[in-house]
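Down below is the structure, laid out as structure tokens.
What you see is a predicted model; the values in this text were computed from it and never measured. In what follows, every heavy atom counts, from backbone to side chain, and hydrogens, waters and symmetry copies are set aside. A note on names: the letters A, B, ... follow the listed sequences, proteins ahead of strands, and every chain is numbered from 1.
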Amino acid sequence: MGLNVEDQGKLINTRIEKIKEIREMGINPFPYNYDVRNFSSDIISNFEDFDSEVHENKIVSLAGRIMSTRIMGKAAFASIMDQKGKIQLYVALKNIGETDYNLFKKLDIGDIIGVEGTVKKTNVGEITVYITKLVLLTKNIRPLPIVKEKDGEVFDAFSDKELRYRNRHVDLIVTPGVRETFEKRIRIIKNIKNILDSKDFLEVETPTLLPIYGGANASPFTTHHNTLDMKLYLRIAIEPYLKRLIVGGMDRVYEIGKCFRNEGMDRTHNPEFTMLELYQAYADYNDMMNITEEIFESTCKQLYGTTQIEFKGNVIDLKTPWKRLKMVDAIKEYTEIDVESLSDDDMKKLIEKKGGKIKGEFIRGLAINEIFELYVEEQIIQPVFITHQPVETTPLCKPDYDDERYLQRFELFIAGNEYANAYSESNDPVFQRKTLYEQSLRRDVDKEASPMDENFVQAIETGMPPTGGLGLGIDRMVMLLTGERSIRDILLFPTMKPENQ
RNA sequence: GGGAGAGUAGCUCAGUCGGUAGAGCACCGCCCUUUUAAGGCGAUGGUCGACGGUUCGAGCCCGUCCUCUCUCACCA
């Protein structure tokens, strides 16, 4: 198991031997640079501009990793992969001369080369660089898994997920589509930033290493600062610092960054994950819904040119506007139960019937939320904003004007999962101090309750304008928009146990 | 934490009833100037996840443990 030197010493040693032989030929197997003037995909998609039948002496120069070779005595085909894709090379003794051809015969799949040549279609019509010059740029000594493709079908895929996650550098080279998935992730994040920047939001950076944590119910990672000799925490949410900035007069701020939660791991949870948090002064939860819709719809269109995507076997249409449903109405619609008219006992029965639990004393608002999660959540396939959660679900959100039993809050559900959570943020300093203090007292019972953050409360006491706040799970969004079912497939380097026992 | 599956060559995988460890690709040698899962001939390559047990004999049966994958639950 593993890709350790000891395990494949013989294969590696023969390649180290080749490095010596190449040096003996007077060739440096690790030169310092190369003049790259073309990329594979540009040559292929603009073939007319390069076709040597038309442009007689047009020389291209490109560099990439050798992915396959087909050697036929005094000539060979090879394909190399660069930043933008793959392209075939024709390597002939008569075109590159004996020295370079002898070098070529010593090369392996995985080596990085620079080539110059002319572009022409082969007899069977494949656009190919007929090389006239070959430069070894980096000699590989650790063999790559050989993955073959024919007509889009992949053979001998590098399919061991553990090896792929532990050796993402190899995965990126040999597994078709992996790179594209991560390029999509990059484009998604860039597009979100473009949207927010165009709305005059300021992208800020706030600390991840904190003396005190808060903003969510979660267990933090702890660490230690040596010279200060103090305990520090990795943040579990971005919220407390962004709200300080709103107090400070930065009226529209956002951060896309890592949060860390010391909890279980599964297909949708990694210990470190990426959140978008956004706060807008003088806005409320309705404004947050509009921004959320725009973020999803625009990003999907930008990636695919359509608002429809397939996810978990469903066609999901992200076209806005999305349905907005109060939580109790959603329960009515999906289960024909009118929770507001139920007795406490009937609600308990409904929860227990589905295997749900009521923690501590019975609280109607929490029970309504529980019934929603048990009976409705997984049924929501098309995007829906669930609004007006019971006030008991969070102390950080303002109650609705019309009915103080419910909040000006929404959660976004798509394909049975939650993607975003937003509030008309509570800014009553007396209420905030009280709830945060009460929460800090519960810490010996509730491990996920946060400690009192005096500086944060003082900030709220300074006066936070009415503010709409939004939290959006970037990893979940990337999964939705790339069709990936596991968070590990959209994180370049997911958290792994160490290889040795 | 529960359930299911898996761990054999660098990669992808076979391995029958318990009887000398197999293939394809890669690698090495040879042939080959339009191939594309290139082809042909030949060679090399193994602590069968670990430990223990049963047996004349274990990749295979039994036990314990480790790791991974999938899935359910829990947790935001």
Side-chain angles (χ1 to χ4, degrees), chain A residues 1-15 17-18 67-79 86-96 101 105-106 108-110 120-128 130 140-167 170-171 174-175 215-219 236-237 259-271 273 275 354-357 359 373 393-394 411 417-419 421 446-448 471 473 475-476 485-486 488 496-501:
Chain A
M1 288 293 281
L3 295 172
N4 300 315
V5 175
E6 307 83 58
D7 295 342
Q8 39 188 321
K10 280 174 192 166
L11 291 171
I12 286 182
N13 283 336
T14 60
R15 294 195 183 190
E17 199 54 41
K18 279 187 188 177
M67 298 302 290
S68 62
T69 56
R70 295 170 289 284
I71 298 176
M72 302 154 297
K74 298 187 176 67
F77 287 96
S79 54
K86 286 185 196 169
I87 192 164
Q88 179 167 264
L89 309 178
Y90 181 68
V91 186
L93 170 61
K94 68 169 187 198
N95 292 340
I96 64 171
Y101 199 76
K105 284 197 288 188
K106 289 198 187 302
D108 294 294
I109 289 171
K120 202 169 78 173
K121 282 188 180 169
T122 61
N123 292 348
V124 292
E126 180 162 350
I127 295 166
T128 299
Y130 286 67
N140 158 296
I141 63 166
R142 184 174 292 269
L144 291 171
I146 307 297
V147 178
K148 304 205 171 187
E149 269 184 278
K150 186 190 185 182
D151 303 331
E153 198 179 345
V154 178
F155 298 83
D156 299 330
F158 182 45
S159 57
D160 185 313
K161 289 198 169 180
E162 185 187 0
L163 287 181
R164 289 181 50 209
Y165 299 144
R166 287 191 191 282
N167 300 284
V170 174
D171 192 35
V174 305
T175 307
N217 296 322
S219 307
I236 56 173
C259 293
F260 307 85
R261 295 188 185 175
N262 203 343
E263 292 167 357
M265 293 168 62
D266 62 28
R267 201 173 37 161
T268 58
H269 295 82
N270 196 66
F273 61 101
M275 288 265 290
K354 269 272 187 178
K357 272 178 274 174
K359 294 156 220 155
E373 284 178 8
T393 56
T394 172
E411 293 167 291
N417 291 316
E418 185 189 333
Y419 285 83
N421 186 13
D446 181 357
K447 273 187 249 164
E448 293 186 338
D475 303 299
R476 302 273 173 86
R485 304 285 286 271
S486 167
R488 290 182 153 193
M496 302 288 287
K497 271 194 197 177
E499 216 165 342
N500 304 330
Q501 17 179 320

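Remark: U64(B) base-pairs with A50(B). Criterion, Watson-Crick or G-U wobble with two distances under 3.5 Å. With both pairing distances under 3.5 Å, A4(B) is matched to U69(B) as a Watson-Crick or G-U wobble pair. C25(B) and G10(B) make up a base pair, with Watson-Crick or G-U wobble contacts both under 3.5 Å. The base-pairing partner of A38(B), taking Watson-Crick or G-U wobble contacts with both distances under 3.5 Å, does not exist among the strands shown.
Using a 4.0 Å heavy-atom criterion, one finds that Ile236(A) contacts no nucleic acid atom at all. Residue contacts for Asp266(A): at a heavy-atom cut-off of 4.0 Å it reaches a base atom on one of the strands shown. Within the nucleic acid shown, Asn123(A) comes within 4.0 Å of at least one base atom, counting heavy atoms only. Within the nucleic acid shown, Glu418(A) comes within 4.0 Å of at least one base atom, counting heavy atoms only. Heavy atoms of Ala76(A) sit nowhere under 4.0 angstrom from any nucleic acid atom. Within 4.0 Å (heavy atoms only), Ala218(A) reaches sugar-phosphate atoms of the nucleic acid but no base atom. As judged by a 4.0 angstrom heavy-atom cut-off over every strand, Ser159(A) is placed among residues touching the sugar-phosphate backbone only. The residue Lys74(A) sits close to a base: some heavy atom pair falls under 4.0 Å. At a threshold of 4.0 angstrom between heavy atoms, the contacts of Tyr101(A) with the nucleic acid are absent.
As rounded to whole Å, 15 Å separates atom C1' of C11(B) from atom CD of Glu162(A).
OP1 or OP2 of G10(B) has not a single side-chain nitrogen or oxygen of Lys10(A) nearer than 4.0 Å. Side-chain nitrogen and oxygen atoms of Lys148(A) include at least one within less than 4.0 Å of the OP1 or OP2 phosphate oxygen of A38(B). For the OP1/OP2 pair of U35(B) and a distance below 4.0 Å, the side-chain nitrogens and oxygens of Arg70(A) include no atom meeting the criterion. Between U34(B) and Lys121(A), no contact under 4.0 Å exists linking OP1 or OP2 to a side-chain N or O. The phosphate of C28(B) has OP1 or OP2 within less than 4.0 Å of a side-chain N or O from Lys18(A). Taking 4.0 angstrom as the limit, Arg488(A) places a side-chain polar atom (N or O) nearer than this to OP1 or OP2 of U69(B).
Arg261(A) places a side-chain N or O within donor-acceptor distance of the main-chain N or O of Ile236(A), the cut-off being under 3.5 Å. Listed for the Asp160(A) side chain is a donor-acceptor partner under 3.5 Å among the backbone atoms of Leu163(A). No side-chain donor-acceptor contact under 3.5 Å links Thr69(A) to the backbone of Ile71(A). Counting only distance, with no hydrogens or angles, the side chain of Asp266(A) and the backbone of His269(A) share a donor-acceptor pair below 3.5 Å. Gln88(A) places no side-chain N or O within 3.5 Å of a backbone atom of Ala78(A) that could act as its donor or acceptor partner.
Place Ile146(A) and Met72(A) on RNA chain B by their nearest nucleotides, and Ile146(A) ends up nearer the 5' end. Taking for each of Lys94(A) and Asp108(A) the nucleotide of RNA chain B with the nearest heavy atom, the 5'-most of the two is the partner of Asp108(A).
Comparing G39(B) with G24(B), their P atoms are spaced 12 Å from each other, to the whole Å. Comparing A50(B) with A26(B), their C1' atoms sit 29 Å apart, to the nearest whole Å.
Lys120(A) forms a cation-pi arrangement with Tyr130(A), by the criterion of a distance under 6.0 Å to the ring centre and an angle within 45° of the ring axis.
Of the candidates C32(B), C27(B), C11(B), C32(B) carries the atom nearest the Ile71(A) side chain, counting heavy atoms from C-beta on.
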